[in-house]
*Asks:* 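One structure, as structure tokens, below. Some questions next.
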Amino acid sequence: MSKIELQATENLKSAITAAMRSGMEKGLLPKAEIPDFIVEVPADLSHGDRAANAAMISAKAFHMAPRKIAETIKQELDLGGTYFDRCEIAGPGFMNFFFGPRFYVDVVKEVLAAGPLYGRSNWGKKEKVMVEYVSANPTGPMHMGNARGGALGDCLASVLDAAGFDVTREFYVNDAGNQILKFGHSLGARYLQIYKGEDAVEFPEDGYHGDDIKDRAAEFAKVNGDKYVDVSAEEREKALVDYALPRNITKMKADLEKYRIVYDSWFLESTLHNDGELDEAIQILKDRGMTYEKDGALWYRATANGAEKDEVLVRGNGTPTYFAADIAYHRNKFLKRGFQRVIDVWGADHHGHVARMKGAMDAIGLDGSKLDVILIQLVRLVRGGEVVRMSKRTGKAIGLADLLDEVPVDAARFYFNLREATSQMDFDLDLAVKQDSQNPVYYVQYAHARICSLLKNLAADGIQPRKCTDEELALLTAPEEKDLIRHLSICTSEIIASARDYDPARMMRYLITLATLFHKFYTACRVKGEGKSLTAARLDLCMAAKTVLNNILSMFKITAPESM
RNA sequence: GUCUUCGUAGCUCAGUUGGAUAGAGCGACCGCCUCCUAAGCGGUAGGCCGGCGGUUCGAAUCCGCCCGAGGACACCA
């Protein structure tokens with residue numbers, strides 16, 4: 001658990017508050033409530049390491065000019081218990097603070113002491129949170145939306161874990177309901193076509209037209225021969241679904257594992273139908289007066305929770321809708337399994353579903369505000385500056401498996417997390433495989449490889465990293481060294497911010513900046529061949545940078561190569 | 001039409017609950033390896049923050065209207 005940077009800010013805040021109180025007691029400032037001011041990292045670092053707006057924000061309450069207030073605070077300020085050793089007043093009344101040498105020494109020591117745990121915190125207080133993502137339809141292969149959702153959901157789960165949440169990753173398998181019937185019809189038609197000819201059997205208009213359906217039907221025929229040709233459609237389709245579905249799910253698991261996504265649980269929708277939870281959920285809504293019957297269907301009074309129109313729970317033909325199952329599913333997450341917070345990663349096309357799911361949670365007696373939905377915007381694949389829709393090889397839409405054939409997993413995971421979920425993005429296939437500085441994946445990995453190479457080089461001369469004394473670490477005073485250390489220090493708060501905003505892309509930006517600062521340090525400061533103490537101190541700094549690079553890359557399941 | 005995500009450098013995007021001269025990467029141009037990986041570093045050029053109003057000491061950020069792009073509005077999932 002890293003504390004120094006958070007502590008530095010907190011202590012400074014207390015010191016400023018104390019200075020204002022002292023000013024009031026001496027009659028230098030009017031006795032008034034101290035407004036809630038902030039201490040932040042200034043946009044322009046040349047201004048200082050931290051900036052406080054205390055003077056400006058108090059101007060109204062104190063009826064004093066901000067600069068005058070700032071002067072008084074500065075005069076009364078005791079920085080003794082903080083990591084700061086200097087304060088400057090600037091602009092309209094900003095107070096800028098500068099770290100003293102002890103800060104830099106302590107950060108390097110802290111990173112090295114914490115090692116793989118550096119950056120982790122208890123911010124989430126072990127709250128039980130579920131991240132559900134991908135949850136692709138098991139009737140066919142996964143598409144690009146699943147690829148982006150997979151990278152984002154998986155990395156978000158990691159970020160939450162690092163920020164101190166108790167995280168469970170889940171895949172919801174839609175192995176029941178309408179689309180499974182459709183799946184069965186499609187398989188049935190393809191199976192019969194094998195024995196009766198393509199023209200003799202009509203393929204359902206709304207069926208799944210993909211080749212994967214043909215392939216599964218053919219596999220099934222190879223195993224079972226024609227013995228399902230003359231049985232009832234129901235029996236035939238059940239046998240086909242029972243054969244194909246587990247194989248599709250196994251294939252999805254395999255594809256996702258290639259993508260380095262491993263779930264804690266695969267939740268089958270069918271269990272909700274089979275164990276009565278679905279009926280239970282519908283019954284509760286009935287009991288609460290949230291339903292009515294119309295045109296032979298059972299409706300949910302969504303309009304009671306502000307929705308524009310009501311929704312069907314059970315169709316006229318007696319089968320429940322996806323929506324009904326989803327209510328039961330989310331009730332299961334919250335109530336049966338005790339998740340305190342549930343995050344769903346969905347495609348942007350589901351956005352109409354968000355408000356009514358939250359409303360339904362309230363309607364069923366749970367708290368809809370504990371359900372957060374991240375809507376992933378569209379991905380366009382681009383090659384040679386042009387949008388590509390179809391795979392050249394298969395002629396079909398490019399899927400997750402196709403993408404991973406073409407692009408390294410490292411690049412895919414990196415790229416999909418480079419942008420916020422809410423922004424539409426272009427995935428440049430040319431860039432993702434390019435092995436040069438245009439490609440941020442390599443840029444970051446190169447920083448790690450450079451450190452490893454440096455270590456090898458020094459080891460050949462018999463120099464190993466060792467624990468430096470405070471005096472030795474205090475030699476790290478070059479601007480490039482201080483910039484790098486300062487960036488290392490904010491790792492924990494960046495992870496927390498990332499978790500708070502559900503924005504793993506923030507960590508990718510942190511990582512790129514970290515690489516930049518290391519490369520600058522590397523160019524400006526030599527490690528090898530300096531004095532013994534300075535070499536040792538710089539080596540420690542390299543180890544600290546390597547540690548943080550490693551921690552974040554492994555958090556995102558991107559490899560950190562020893563050499564490139 | 002209603003809802004929703006957006007609009008910032010040539011391109012792709014940052015910009016943290018309103019703050020200091022609006023940033024980065026790529027692309028363009030110019031430099032830097034007798035020295036730990038040049039997959040790197042430095043420099044130059046490039047902006048009416050979509051537009052118009054409003055709130056504020058202060059707006060890329062908040063509010064309203066307009067313009068433009070993507071997505072959603074099923075007894076589908």
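The sequence lines fix the lettering, A, B, ..., with proteins before strands; numbering per chain opens at 1.
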*Asks:* Does NZ or CZ of A/Arg450 come closer than 6.0 Å to the centre of the six-membered ring of A/Tyr522, within 45° of the ring's axis?
*Replies:* yes
*Asks:* Grab the N/O contacts between the protein and nucleotides 10-14 of chain B below 3.5 Å, and write none if there aren't any.
*Replies:*
| residue | atom | partner | partner atom | Å |
| --- | --- | --- | --- | --- |
| B/U12 | O2' | A/Arg419 | NH2 | 2.8 |
| B/C13 | OP1 | A/Gln424 | O | 3.4 |
| B/C13 | O5' | A/Arg419 | NE | 3.4 |
| B/C13 | O2' | A/Arg419 | NH1 | 3.1 |

*Asks:* Parallel, tilted or perpendicular, judged at 30° and 60°: which one describes the rings of A/Tyr329 and A/Tyr172?
*Replies:* parallel
*Asks:* Is A/Phe94 stacked on the base of B/G19, meaning ring centres closer than 5.5 Å and planes within 30 degrees of each other?
*Replies:* no
*Asks:* Map A/Ala90 and A/Arg500 onto RNA chain B by nearest heavy atom, then report which one ends up closer to the 5' terminus.
*Replies:* A/Arg500
*Asks:* Could you tell me whether the phosphate oxygens of B/G40, OP1 or OP2, come under 4.0 Å of any side-chain nitrogen or oxygen in A/Lys520?
*Replies:* no
*Asks:* To the side chain of A/Asn174, which of B/C41, B/A72, B/A77 is closest?
*Replies:* B/A77
*Asks:* Going by number, which of residues 447-454 of chain A have a non-hydrogen atom under 4.0 Å from RNA chain B?
*Replies:* A/Ala449, A/Arg450, A/Ser453, A/Leu454
*Asks:* Find the distance A/Ile38:CD1 to B/G18:C1' and express it as a whole number of Å.
*Replies:* 10 Å
*Asks:* Nearest-Å distance, CG (A/Asp501) to P (B/U16)?
*Replies:* 11 Å
*Asks:* Rounded to whole angstroms, how far apart are CZ on A/Arg380 and P on B/U5?
*Replies:* 20 Å
*Asks:* Can the ring centroids of A/His519 and A/Tyr443 be said to lie less than 6.0 angstrom from one another?
*Replies:* yes
*Asks:* Contact between A/Met357 and A/Trp346 at the side-chain level, heavy atoms closer than 4.5 Å - yes or no?
*Replies:* yes
*Asks:* Tell me: OH of A/Tyr522 to C1' of B/C33, nearest whole Å?
*Replies:* 11 Å
*Asks:* For the side chain of A/His351, starting at C-beta, report the closest nucleotide among B/C75, B/A77, B/C3.
*Replies:* B/C3
*Asks:* Do the numbers put A/Arg148 on top of the ring of A/Phe416, so that NZ or CZ is under 6.0 Å from the six-membered ring centre and no more than 45° off the axis?
*Replies:* no
*Asks:* For A/Phe323 and A/His353, take the angle between the two ring planes, folded into 0 to 90°, and tell me which bin it lands in: parallel under 30, tilted 30 to 60, perpendicular over 60.
*Replies:* perpendicular
*Asks:* Take the protein atom CZ of A/Arg67 and the nucleotide atom P of B/A20, then report the distance between them rounded to whole Å.
*Replies:* 16 Å
*Asks:* Measure CG/A/Leu517 against P/B/A24 and give the value in whole Å, please.
*Replies:* 13 Å
*Asks:* What is the distance, rounded to the nearest whole Å, between atom NE2 of A/His185 and atom P of B/A77?
*Replies:* 12 Å
*Asks:* On RNA chain B, check which nucleotide each of A/Glu494 and A/His519 is closest to and give me the residue with the more 5' one.
*Replies:* A/Glu494
*Asks:* Taking C-beta and beyond as the side chain, do A/Leu12 and A/Phe97 meet within less than 4.5 Å on heavy atoms?
*Replies:* yes
*Asks:* Parallel, tilted or perpendicular: which fits the ring planes of A/Phe99 and A/Phe84, with parallel below 30° and perpendicular above 60°?
*Replies:* parallel
*Asks:* Is it true that the side chains of A/Tyr510 and A/Ser498 contain a donor and an acceptor less than 3.5 Å apart?
*Replies:* no
*Asks:* Given the C1' atoms of B/G23 and B/G15, what is the spacing between them in whole Å?
*Replies:* 7 Å
